[in-house]
Amino acid sequence: MPKDTSHTPESEAAGHSGEDNAGVNGVDSGEEVSLSKPRFSKGMLALALVVGMFAGLGTFTFGYGKGASYMSNNPQTCVNCHAMQGHMDSWQQSSHHHVAVCNDCHLPHHPIGKWITKADNGFFHSLAFTLGNYKDPIQIKPRNKRVTQSTCVSCHQDFVHSMLPAETGQDMQQCVHCHSSVGHARR
Amino acid sequence: ERKQEARKPFVRLVEVNEVSTDPKPWGVNFPLQYESYLRTADTERTTYGGNHSMSPSKLKEFPWLKRLYAGYAFSIEYREARGHAYMLGDQEVTKRVTEVQQAGACLHCHAAIAPTYRRVGLEKMGKDASEETLGESFDQEAVIAGFKALSQMKYEEVHAELTKTPDGVVKAAEGDPHLGDAHPVSCVDCHDPETMSIRVTRPGFILGIAKLAESDDPVPHLPSIQKWRDSKSKTPYDPNVDATRQEMRSFVCGQCHVEYYCANKMTLTFPWSNGLKVEDLEKEWEETTFPDTEDGKSGGEFYDYVHKETGTPVFKAQHPEFELWSQGIHARAGVSCSDCHMPYERQGATKVSSHWVRSPMLNINKACQTCHHVSEDELKARVDTIQGRTQALMARAASAMTDMLDAIVLAQKAGASEEDLKPIRELQRKAMWRLDYISSENSKGFHADQEAARILGESIDYSRQAQAAAYRLGGSPKPEEGDVAVSQAD
Amino acid sequence: ERKQEARKPFVRLVEVNEVSTDPKPWGVNFPLQYESYLRTADTERTTYGGNHSMSPSKLKEFPWLKRLYAGYAFSIEYREARGHAYMLGDQEVTKRVTEVQQAGACLHCHAAIAPTYRRVGLEKMGKDASEETLGESFDQEAVIAGFKALSQMKYEEVHAELTKTPDGVVKAAEGDPHLGDAHPVSCVDCHDPETMSIRVTRPGFILGIAKLAESDDPVPHLPSIQKWRDSKSKTPYDPNVDATRQEMRSFVCGQCHVEYYCANKMTLTFPWSNGLKVEDLEKEWEETTFPDTEDGKSGGEFYDYVHKETGTPVFKAQHPEFELWSQGIHARAGVSCSDCHMPYERQGATKVSSHWVRSPMLNINKACQTCHHVSEDELKARVDTIQGRTQALMARAASAMTDMLDAIVLAQKAGASEEDLKPIRELQRKAMWRLDYISSENSKGFHADQEAARILGESIDYSRQAQAAAYRLGGSPKPEEGDVAVSQAD
Ligand SMILES: [Ca+2]
Ligand SMILES: [Ca+2]
């Protein structure tokens with residue numbers, strides 16, 4: 001039976017509650033703020049948005065890949081690119097397909113970081129897809145790894161409280177070190 | 001790497017500080033960890049590991065160990081390891097301690113000793129060593145000074161020093177020499193009492209890992225050491241400053257689960273200046289000479305004991321878990337000791353590290369299945385396969401070793417000269433070191449399976465070479481005594 | 001498990017059938033697979049593997065092989081393997097074939113031979129063997145009959161038979177004995193021409209795996225065999241019927257990448273009746289006696305060659321990739337040969353299996369990174385570590401082996417009796433079999449790293465035991481000739 005891959009109500013709820021939690025908790029939604037604030041001035045932010053969206057728009061890919069829908073939360077929009085099919089499949093078999101859609105994990109839960117990542121990834125996605133020069137299998141880049149890590153923490157903050165650094169500035173373990181198949185079933 | 005914001009400071013119901021070697025007050029603050037910590041006194045065994053009410057004797061299980069250790073304390077009593085709760089008691093009663101004079105360094109890994117090191121260090125340095133000062137800060141300099149002062153003293157003397165250090169609980173009257181109890185490994189050994197972050201406290205490790213950092217041994221599993229090397233820093237590598245949290249999750253264990261020298265001729269030493277492989281450690285011992293004696297005589301070449309049957313000075317290998325793990329695929333993949341031996345456990349609305357440090361085979365679900373999505377039976381079977389191969393090769397190496405001893409003894413009876421025997425003794429030492437290395441390591445090869453087999457293969461090679469060479473010197477049993485039989489161990 | 005819908009029947013531009021050993025017409029239907037298949041003629045080498053314009057000689061790389069193979073064809077010429085495109089040509093020109101009379105069984109694994117087996121089988125059975133009948137169906141019974149008929153015939157005769165079978169392309173006039181070309185492994189060897197599903201066609205494998213199924217060797221990596229055993233079926237295990245698709249992705253390779261007997265005293269045999277471990281194979285050879293000769297004399301105990309320096313009858317191990325892989329963690333985890341050696345590649349919107357069968361180290365990205373999410377350098381380093389350990393132990397086992405040969409030769413010169421030598425010869429055979437097993441296996445230990453080290457450890461043990469025993473019989477070199485030196489290989 002083919003799974004309904006559209007954005008289910010549960011996943012919407014989970015996704016949003018994740019984001020809300022981050023804000024309401026007042027715990028600065030993990031590190032996103034502390035990171036993005038100093039690194040991106042308003043001007044840079046605008047620039048990133050413009051470059052990201054228009055560079056993407058201008059390409060054939062953006063049309064082919066139903067670029068406009070990239071901004072939606074529907075996982076189906078990701079598989080507009082066949083390059084994403086495997087990840088879609090493995091997400092469907094993962095423990096989280098009931099509770100989180102792609103964007104819940106691959107976009108920062110912080111309202112600003114979220115748009116930067118979207119623009120940034122939108123641009124590089126289109127570029128890579130158009131040129132076809134990306135690595136297969138696709139490998140997540142360090143910056144996007146930080147995003148996924150931050151979203152785990154954002155949703156599971158209370159549960160993993162003792163894993164957070166004892167002192168600011170110390171590091172913490174990668175959740176996927178142990179939970180590698182949470183978002184994408186593997187092996 | 002991204003830095004996370006810190007967790008909220010925990011609610012401290014009871015104050016603990018740097019002298020709090022008694023875990024009870026910590027347990028008030030962290031009842032979940034404390035409860036599981038107490039379970040290290042529990043008993044359950046796997047095929048090759050786990051706890052036991054009275055730990056089985058390894059000498060009985062592997063009779064050849066008696067010949068391997070002939071002339072050394074280990075041939076009197078040597079048992080399987082068991083839970084952390086027993087570490088001090090088991091040491092106090094082992095015949096290796098009751099029948100042989102041991103050095104104070106033994107306590108480095110069997111008691112919560114850092115505050116005692118600090119106290120003695122401060123005293124040596126002529127500084128205040130009151131309970132208050134002792135509780136204030138870790139003071140690494142003082143700890144190392146105390147460590148050096150106590151290492152070569154007698155076991156009993158140092159044991160007595162332990163109880164002269166406050167433990168945070170015992171309330172002793174002024175002038176009462178008993179200011180605290182002696183405790184096995186305790187919270188303060190692995191945690192900063194202020195922040196609760198994990199840390200290392202053992203001078204042996206701190207000095208040893210700094211030596212390793214100075215070497216050029218590749219350490220793909222310890223990225224912070226590579227980073228330190230690349231930075232060309234002038235300050236020695238300090239695990240408490242430089243290591244990642246994931247590395248620290250192994251370093252806390254590497255304080256004790258390592259090869260060492262610990263008798264009374266030198267300060268306790270971790271032989272890591274050439275690297276962490278079995279040859280690297282061997283090389284350090286080969287290059288070591290004991291310090292000159294007080295009357296100015298040369299201390300001579302390093303050795304642990306003179307093998308009684310053959311008169312050959314040899315090295316003793318002790319539980320090199322940290323070193324063998326370092327050669328394995330799990331270490332390379334960033335999997336720490338704690339990931340398997342202290343896995344996270346769901347406790348209500350949060351997860352905590354199981355402080356019931358024990359065989360992961362008693363806890364496969366949490367210890368392995370988070371990463372390996374296959375059945376418990378399958379994981380057990382994989383471990384059994386690895387350990388079975390190791391055991392079979394070990395039995396083979398053991399019978400090569402005993403054949404070698406027989407041949408050397410006969411060659412000596414036949415009047416072989418010391419000069420002729422010299423290369424044979426070298427082979428013997430290499431063979432015994434390697435066999436001991438894997439038989440003393442407690443995972444039966446699991447921590448690095450191919451490496452364990454390689455080491456045993458080398459041991460076999462050296463034993464059999466020595467045997468053949470001894471045959472040339474008249475070490476061959478007379479044809480009547482025993483025929484050429486295929487000696488096949490399994 | 002989510003069942004995939006059956007794939008759409010492919011568009012067949014050109015008809016192919018059971019005689020189509022020429023891959024060209026298949027290539028019209030499947031241009032992507034064909035293109036990559038053709039690339040097996042390409043040249044590129046890794047440290048221990050990969051292709052080469054003229055494959056390097058293993059005898060040069062490992063001079064001790066000449067002594068290991070003394071008296072056997074392998075001591076004349078023995079090279080590294082290279083791409084599938086070369087398999088027939090390389091066999092035709094090797095001195096092992098041009099200077100020594102070989103048996104027709106050699107072609108079992110070096111040519112697309114099934115239709116020839118079928119033709120000869122049908123002819124033997126007195127049935128029609130026209131191109132049409134040959135093309136119609138696989139007819140396993142006829143194939144096996146032909147296989148048995150051709151196995152012990154001369155190489156050249158069987159080679160000639162190949163060209164008497166139509167290949168689907170050559171159009172020959174009636175009566176022309178050349179009805180088709182001889183081809184190296186081709187599509188029809190691994191695919192059903194009707195459905196394109198993968199299949200096995202080699203009698204050696206079909207008979208061998210059925211024997212394995214009858215045994216009680218645990219096969220956690222081959223669940224369909226366990227299922228067949230549990231079903232207590234009366235019909236022999238048939239891979240084409242019983243195996244899972246994932247198993248078939250290894251079985252197609254297991255048709256050739258296995259240990260075998262292939263000379264003219266018996267039909268080509270895969271020695272799997274006791275299991276797939278090195279000892280299991282050895283046991284089958286030990287228990288085998290050659291069939292009685294035509295004049296009724298007993299065939300005597302099985303052996304491959306009489307070792308020339310020592311006169312000991314020994315076994316020859318050939319490329320046991322399938323068997324060693326079976327002992328490894330990847331097999332246990334269900335990872336097939338094809339997963340690593342024929343990984344899927346994205347070609348536009350579809351994924352195809354790379355038919356450029358080659359070293360995965362030339363294609364780490366696709367071969368490994370689908371499963372292992374670490375960098376190429378890291379994966380390379382992991383493989384290097386494993387292969388480096390294997391190589392070092394192999395060198396050690398090799399020097400043990402040559403020391404043994406020296407000692408036996410001297411003992412014989414000193415007049416040792418056959419009776420005294422008997423147990424030594426047994427040790428020698430065991431030692432050489434194990435060393436050969438790992439040095440002939442082509443992954444340098446990667447396919448099962450700990451197992452490879454274990455086997456080499458045993459080889460060392462047997463060689464050195466034989467050496468020591470030979471010393472007792474006067475095999476010890478005179479003290480003048482060479483002193484007891486630490487023979488340390490690395
Ligand atoms: Ca030692
Ligand atoms: Ca063979």
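Proteins get letters first, then strands, A, B, ... in listed order; numbering begins at 1 in each. Scope of the values below: all heavy atoms of this structure, side chains included, with no hydrogens, waters or symmetry mates. A quick note: this is a predicted structure, and the numbers were derived from the prediction, not measured.
- One finds the CZ atom of B/Arg332 at 9.5 Å from the CG atom of C/Leu379 (value rounded to the nearest 0.5 Å).
- The CG atom of B/Asp403 sits 14.5 Å away from atom CZ of C/Arg464, with the distance rounded to the nearest 0.5 Å.
- With a 6.0 Å radius and a threshold of 12 heavy atoms from other residues, nucleotides or ligands, C/Asp216 has its CG atom at or below the threshold.
- To the nearest 0.5 Å, atoms CD (B/Gln467) and OH (C/Tyr471) are separated by 11.0 Å.
- Taking the side chain as every heavy atom from C-beta outward, B/Gln327 and C/Thr385 never approach each other to under 4.5 Å.
- For C/Glu418, the CD atom is densely surrounded, since the number of other residues' heavy atoms within 6.0 Å is greater than 12.
- Proximity to chain B involves both the backbone and the side chain of C/Ala333, based on heavy atoms less than 4.5 angstrom apart.
- In this structure, chain C has heavy atoms under 4.5 Å from both the backbone and the side chain of B/Ala381.
- Side-chain atoms of C/Gln450 do not come within 3.5 Å of backbone N or O of B/Arg389 as any donor-acceptor pair.
- A 6.0 Å sphere centred on CD of C/Glu301 holds no more than 12 heavy atoms belonging to other residues, nucleotides or ligands.
- In this structure, chain C has heavy atoms under 4.5 Å from both the backbone and the side chain of B/Thr390.
- Annotation: B/Tyr303, atom OH; neighbour count of heavy atoms from other residues, nucleotides and ligands within 6.0 Å does not exceed 12.
- Using a 4.5 Å cut-off between heavy atoms, B/Ile329 touches chain C through its side chain atoms alone.
- Around atom NZ of B/Lys277, more than 12 heavy atoms belonging to other residues, nucleotides or ligands sit under 6.0 Å away.
- Annotation: the span from C/Ser399 atom OG to B/Gln465 atom CD amounts to 7.0 Å, rounded to 0.5 Å.
- Closest approach of C/Ile460 and B/Gly457 over heavy atoms only: CD1-O, 4.0 Å.
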side-chain contact (heavy atoms from CB on, under 4.5 Å) evaluation trace for C/Tyr462 with B/Arg396: CA-CA 10 Å; C/Tyr462 292 126; B/Arg396 197 174 278 276; 3.3 Å; yes
